[in-house]
J.: 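Attaching a single structure in structure tokens format; questions to follow.
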Amino acid sequence: MRASSPNFRTAGWERGSLGRRTGTALWLPLGLIVGLLLIGAVSTGAPSASAPTQKLAPAPWMARPMLVTPGGPTIVTVGISGLPQGTDWSFTVVGNGLNATYYQDNNSTMLHLSNGEYGLTFGDVPGYGHGAYPSNLTVDGVAFNVTVPFQLLPGFYLVTFASVQGLPYGWPWGAELTSSPPGGDHANGYSTLPTLPLAVGNGTYDFRTWDPNGSAPYYAISPTNGSVTVNGANVNVDVNFTYETTYYVTFVERGLASGATFTAKIVSLNVTNYVVSDGPTENASAGFLLANGTYEYVLASTEAGVLPYPQNGTVRVNGSNLPIIWVQFNTTTYPVTFSPTGIPSGTSWWVDLGGETRSSISGGEIVIPETNGSYGFTVGYVDGYAASPSYGTVSVQGAAVNVPITFESSGRGPTLYPVDFTESGLPTGTGWSVDLSGSTNSSSTSMIGFFVANGSLAFSVSSGANYSASPSSGYANVSGGGLQISINFTTTPSLVPIDFTSRDLPSTTLWDVVLTATSSGLTIEMSSTKSATGPSTISFDVSPGTFHYEAKAAGYQESNGTVVAAVGSGPQAVAVSFVAASTPASPSSRSSILAGAYSGVGIAVEVIVAAGVVLMVYQRRTTDRQRSRILVDEMYRSRWARDSSGQLVVEDDPPRRD
């Protein structure tokens, strides 16, 4: 009995070990199952911050309209017959919240209409009549077609312009017929096809052809104009297209209000670009791609009360992009004319209007342009005369204003004082000139002199090429004495071109270069910021020196550096390479989905580890409780006694005491 006790206890501990092994074998699969369930919850539940919510795009077949879609859009095909390919036609659909006009140059087009009632009208096509068609359409989920026949009217014939070479398919071009003399039939149109038919009656017509697209590549048309006679039969006019390299001509407006439309038109090509301004501080640009040549342009805006400067002009394209042409829009001004009487011709006098001072040394009128508003004025003192009125208020309200000023003798004539301009820095014998309040004197010596009466008289200084004056303008304030004004001339260095050429850009990507001087005294001609599109060249004319540049394009890393412009070294060429910027993937991209999956797996692993720790702690506590129960059971099932020698022994299976 005693010998069996250790075996019993050993067996008890084996049961405990078996319990631990059994617990591990049961709990770990359970933990894995819980972890997998959590992975599913993470992958299908709310995404983590590192895996933003994704909305998958529908499969392509989901976007395809069905022929029968109760309650959904229905395909209605509207077409024509009888019109030559490329002839423009149109139709209008009204009803069920829709009011739209569709312009076409092919045989048919498909509409997706909601169920309901619609009105249908076809536009007139010059020279053609059309057959009957349903003016009311009922859309009820079943697709249907509407085809209208057209027929050339009696007395009309086709003048078909046909591209015989050089023009890619799909490239837009246009033609126009005008009766000669004017007053008869007129027809014009555009086409993206090799032919462009225009219907007119008998007669002689002047025609012109053009490429209305205005973007690269550019195709020159031949002939661009001519004459054609229609006499009871159709006529063909062959047109040839020749590819030409084009260059950027860009007009940029300043000063327009938000929402105003800025228009730039190349007159000889009859091409107009429209741009909507974002406000006075935002610059909207209208650009053209033009082949070498000279072009006349006209600029305008829809904003009332403002005029562009310049309003028109010419540009000459000669193998390179042109610098930006800045267009300043100014509020419309009206002349305020001060008309003197009573002073001799040649008498100097002046007027201050709203803080702006103008003078005249001839005794004639003084004209100051002003916008609408009220302005205070003051007439300057003239020796020997009193002005009436000598001050007052002028109101400008959309029209010119004349203010008569009467001078009366005060008993003595005006006193004249000498004003001498003395120059330094010019080579001996170099000519220069000074304009003092409208009177100009010139000299090749070091001094130019005037005799004037009291007053504040504006002056400006000019000289030959390659010299700049300081000051170049200002005011000579004569008050009871003579003046001497010093003018210093310095050499103006020749400007050096810097050409920035882009690489690795798509043809439609806009890029710009910001050029800044690294030290004072350096000159950048025109604008210090210029823009272009795609692979192209941006040029600056600068004075010799070191400049810093920054080349930027949306979606690409910025490229910057320095460039040195040196006299006599020719154009400085800078190649700008654009590298696509690394941007965070969009939520719908494959990388975002993978990132979300990786994030979900990471969270699931963390949850599994945490669950395993909890289960191990729980199993350990369970094992300890089992061990305690075994020990108590053994203690209960055993009792201690002493043998005959006095040693303690354990008797197994003592009688249980309840």
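Because the structure is a prediction, the values reported are computed rather than measured.
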J.: Looking at every heavy atom in both Ala387 and Val379, which two are closest together, and how far apart are they?
T.: CB-CG1, 3.7 Å

J.: Step by step, would you call Val275 with Phe251 a side chain to side chain contact (heavy atoms under 4.5 Å, CB included)?
T.: CA-CA 10 Å; Val275 183; Phe251 299 89; over 6 Å; no

J.: Is there a side-chain contact between Ser473 and Val461 (heavy atoms, below 4.5 Å)?
T.: no

J.: Would Ile368 and Tyr375 count as a side chain to side chain contact (heavy atoms under 4.5 Å, CB included) if you check the C-alpha gap in whole Å, the side-chain angles of each, and the deciding distance to 0.1 Å?
T.: CA-CA 11 Å; Ile368 304 176; Tyr375 305 89; over 6 Å; no

J.: What's the separation between atom OG1 in Thr302 and atom CG in Leu256, rounded to the nearest 0.5 Å?
T.: 7.5 Å

J.: If every non-hydrogen atom of Arg358 is compared with every non-hydrogen atom of Val367, which pair is closest and at what distance?
T.: NH1-O, 3.3 Å

J.: Taking the side chain as C-beta and beyond, is there a heavy-atom pair between Ser320 and Thr537 under 4.5 Å?
T.: no

J.: To the nearest 0.5 Å, what is the distance between CD1 (Ile343) and OH (Tyr385)?
T.: 7.5 Å

J.: Side chains of Val336 and Phe377, heavy atoms from C-beta outward: is any pair under 4.5 Å?
T.: no

J.: Return the OG1 to CD distance between Thr516 and Glu550, rounded to the nearest 0.5 Å.
T.: 6.5 Å

J.: Hey, are Thr422 and Ser486 close enough side-chain-wise for a donor-acceptor pair under 3.5 Å?
T.: no

J.: Considering residues, nucleotides and ligands other than Tyr334, do more than 12 of their heavy atoms fall under 6.0 Å from its OH?
T.: yes

J.: Is it true that Phe421 and Trp432 have ring centroids separated by less than 6.0 Å?
T.: no

J.: Would you please indicate if the ring centroids of Tyr295 and Phe288 are separated by under 6.0 Å?
T.: no

J.: I would like to know whether His186 and Thr178 meet side chain to side chain contact (heavy atoms under 4.5 Å, CB included); could you show each step before the answer?
T.: CA-CA 5 Å; His186 174 271; Thr178 304; 3.5 Å; yes

J.: Is there side-chain contact between Tyr248 and Ser531, with at least one heavy-atom pair below 4.5 Å?
T.: no

J.: Are any non-hydrogen side-chain atoms of Tyr247 and Asn318 less than 4.5 angstrom apart?
T.: no

J.: Which heavy-atom pair separates Ala517 from Phe547 by the least distance, and what is that distance?
T.: CA-CD2, 3.7 Å

J.: Can you tell me how far the CZ atom of Arg254 sits from the CD atom of Gln328, to the nearest 0.5 Å?
T.: 5.5 Å

J.: Could you note down all residue pairs passing side chain to side chain donor-acceptor pair (under 3.5 Å) where residues 505-514 supplies at least one of them, sequence neighbours left out?
T.: Trp511-Ser536

J.: Measure the shortest side-chain to side-chain distance between Phe450 and Val434 over non-hydrogen atoms and say whether it is less than 4.5 angstrom.
T.: yes

J.: Could you check if a side-chain atom of Arg316 sits within less than 4.5 angstrom of a side-chain atom of Thr294, using non-hydrogen atoms only?
T.: yes

J.: Between CG of Asn188 and CD of Glu176, what distance do you get to the nearest 0.5 Å?
T.: 5.0 Å

J.: Do Ser277 and Glu253 have side-chain N/O donor and acceptor atoms under 3.5 Å apart?
T.: yes

J.: Taking the side chain as every heavy atom from C-beta outward, state whether Phe489 and Thr430 have any atom pair closer than 4.5 Å.
T.: no

J.: Apply the side-chain contact (heavy atoms from CB on, under 4.5 Å) test between Tyr549 and each candidate in Val574, Thr562, Ile538; give the one that qualifies.
T.: Val574

J.: If you measure only the distance, is there a donor-acceptor pair under 3.5 Å linking the side chains of Asn488 and Ser424?
T.: yes

J.: Can you give me the closest heavy-atom contact between Pro340 and Gly364, atom names plus distance?
T.: CG-O, 3.5 Å

J.: Using distance alone, with no hydrogens and no angle criterion, decide if Asn402 and Thr337 have a side-chain donor and acceptor under 3.5 Å apart.
T.: no

J.: Under the side chain to side chain contact (heavy atoms under 4.5 Å, CB included) rule, what do Val478 and Leu483 come out as? Steps first, then yes or no, please.
T.: CA-CA 7 Å; Val478 180; Leu483 290 177; 4.0 Å; yes

J.: Do Ser433 and Ser462 meet the criterion of a side-chain donor-acceptor pair at a distance under 3.5 Å?
T.: yes

J.: Shortest non-hydrogen contact from Val317 to Ala291?
T.: CB-O, 3.6 Å

J.: What distance separates Ser388 OG from Ile405 CD1, expressed to the nearest 0.5 Å?
T.: 8.0 Å

